[in-house]
Amino acid sequence: MVKNLTSSSIDYRAQLNDQQHEAVTSGPGPALVLAGAGSGKTRTLTYRVAWLLDNGVEPESILLLTFTNKAAREMVARVTDLLPMETRAIWGGTFHSIGNRLLRRHVREIGFRPGFSILDREDQEDLLAAVVGSSGLDSSGFSRGRFPTAEVLGDLFSFAVNTDQPVAQVIAKKYPWFAPICQEIEFLRKRYEERKQADNVVDFDDLLLKTVQLLQEKTVVAEFYQRHFQFILVDEYQDTNKLQSEFIDLLAARHQSVMVVGDDAQSIYSWRGANYENILDFPKRYPKARIYRIETNYRSVPEIVALANASIQENRKQFTKTLHAYRGGSETKPALVALDDNNRQALYVARRVLELREEGFDLNSIAVLYRAHFQSLEVQLALTRAGIPFTITSGLRFFEQAHIRDIAAFMKFAVNPADEVAFKRIARLLPGVAVKTAEKLWDQLCSVRESEREDFKTWLGQCRIGQKPAQAWQQLCHTLDEIAPGRRPEPPAKMIRIILEAMYEDYLRAKYANYEQRRDDLVTLQSFAQTFEDPVDFLSQLSLMAAADTEGSRTTVTEWEKVTLSSIHQAKGLEWRVVFVIWLTDGMFPTTRSLTSPDAVEEERRLFYVAATRARDQLYLTYPYYWANASPENRLQRPSRFLKEIPVRLVREMWVGGV
């Protein structure tokens, strides 16, 4: 238990603001700390650990749960800097790393043997592929031979584990196209579990799942750790899933001295299993919980803080709080910028970046944020043409992504049937076709007489193909013949539409867990292609953009200076002096898919709040009235409903017609 504080090397009152101090120095028992954006959440957690140690709590009785091991190490290191005492005995780490420590101690109780291996993602996919291969299931008859890949199965099983849902329910909600083979997938799940136990291996999800099962089923083990961990602290609690919440509740059952820190307004990860209800329902599960609000924002100027406060007010499900800016005013309100179309939006961003650079902002302090990666296409083009270096948080530029290159390979081969590399790439997309089979198919094509190559269907139809890829091969023949009838290529936008509808969408669904995002990319590529009549010109542009650098910049920059392009999800936890949030139109942000669900719209609004609070000094919110080259029903754009919810007095409204 906590002793009375007699003397300390830390002046907590001087080091913390009043709200932080109240949370840090609170007594035992459950506590919910609502730490707003930029309010010093990490500082609060760090000083809480120090205060506990300073009050006589033994380091080994403190459990600090974070979402990255780096975060835990940094917090403990800061505590060590604050206090002249040994802190290595603190149990600090991710949920999974703590689970691993517990399972190693109790390996026999979970039915495994000492020294079990942990499968990384690649290992897991290899094992799943082996399970599918040895299962005896005939996958060739499903959706043109597109049985879910090991990557997709891994994501499906993981989501089921972390949300505590049956596989059938996950398929119905997230993967409805796999409904016809639901029983086969459930069978594979069972075989996968059996194989892991036989091989004495666990996957990443098992580290938590089996720990929770251990605590639920072994009362003696659970009671030991419930006594051992007298104080439990949890970072980023709004991002926990159902399994993580159960883990916390099991360990806190005896002392209930659990302090969870988070911000319900920044809960944005439901798509990967995070349960927003965990933070909302914490006071229900712990009726004696005290709630502490930390509302001083140290990051942003008051004008940005005011906009952020207004942006989240429409959400019904939330803990109400109001951020207060610590910094002084800048007299520059966030800019609300309306533009003619998406191309002018991109040009505006590029030109304003150049102006900011001239005003003294280095490029590293500037970010362009968007809801989905495909929305950055025109900005990437505009920055490249303007000679502005940029980096993308995903690591890949739009035209470098695998699915973009796949579509390009179809088109390249249709335009140039001598392109061996393009043919082998599309051949390897077929089930049962690997490198050697692709080489044999190419050799067969090359042996066909020129007189028998009048069209792709006739030419490719002469190849001898194995049974497994036979159906997909026939579809490939038809698709190539359709995008280039008589070997005369159609316009590029039409080619992309045909490729996607005829066969590539089935491939995406089976191959990638983020199928919908990749399909959105390809729809955008199709829109971009509308400006080209000749597929040769289009493919040349793709190749040049994929290989483009930004040498010859219009402004002098140091080698390491680059504008950051990032999805908002990947930007969480980061900050920049200047932030552009683009494509703020209904259907883009919030997304069309979210508009059917009030809860989904609320999460989109939280995502907008996260985007706005990344900015320290200047914030630009942009939206185009017209989506050039889109399908007729999508061309006219309406400003995002989130923009309409912001009082006019909080923004500088700007109309930029021609840029």
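This structure is a prediction, so every number in the text was calculated from the model and none was measured. Hydrogens, waters and symmetry mates play no part in the numbers below; they use all other heavy atoms, side chains included.
With hydrogens and angles ignored, the 3.5 Å screen pairs a side-chain donor or acceptor of N278 with a backbone N or O of T240. Distance alone, capped at 3.5 Å, places no donor-acceptor pair between the Y192 side chain and the V132 backbone. Side-chain atoms of Q238 come within 3.5 Å of backbone N or O of D263 as a donor-acceptor pair.
Remark: K424 NZ is packed, more than 12 non-hydrogen atoms of other residues, nucleotides or ligands lying under 6.0 Å away.
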Under 3.5 Å, sequence neighbours excluded: what are the donor-acceptor pairs made by side chains of residues 113-120?
residue, atom, partner, partner atom, Å
D120, OD1, E122, N, 3.2
D120, OD1, D123, N, 2.7

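Residue pairs that meet the salt bridge (Lys or Arg N to Asp or Glu O under 4.0 Å) test with at least one member in residues 87-104, sequence neighbours left out, are E86-R88. Screening residues 199-219 for salt bridge (Lys or Arg N to Asp or Glu O under 4.0 Å) gives R195-D199, K196-D203, K196-D206 as the qualifying pairs, with residues at least two apart or on separate chains. Applying the salt bridge (Lys or Arg N to Asp or Glu O under 4.0 Å) test to pairs two or more places apart or on separate chains, those with a residue in residues 163-187 are D164-K242.
Taking F229 as the reference, L63, W91, Y225, I232, L251 meet the side-chain contact (heavy atoms from CB on, under 4.5 Å) condition, with sequence neighbours excluded. Considering only residues two or more places apart in sequence or on other chains, R285 meets the side-chain contact (heavy atoms from CB on, under 4.5 Å) condition with Y237, S245, D249, D281, F282.
A salt bridge links D239 with K572; the closest basic N to acidic carboxylate O contact falls under 4.0 Å. Of the charged side-chain nitrogens involved, at least one lies within less than 4.0 Å of a carboxylate oxygen, so that E603 and R606 count as a salt-bridged pair.
Note: L476 CG to L429 CG = 8.5 Å, rounded to the nearest 0.5 Å. With rounding to the nearest 0.5 angstrom, the OG atom of S594 is 11.5 Å from the CD atom of E602.
Counting only heavy atoms from C-beta outward, the side chains of T211 and F247 approach each other to under 4.5 Å.
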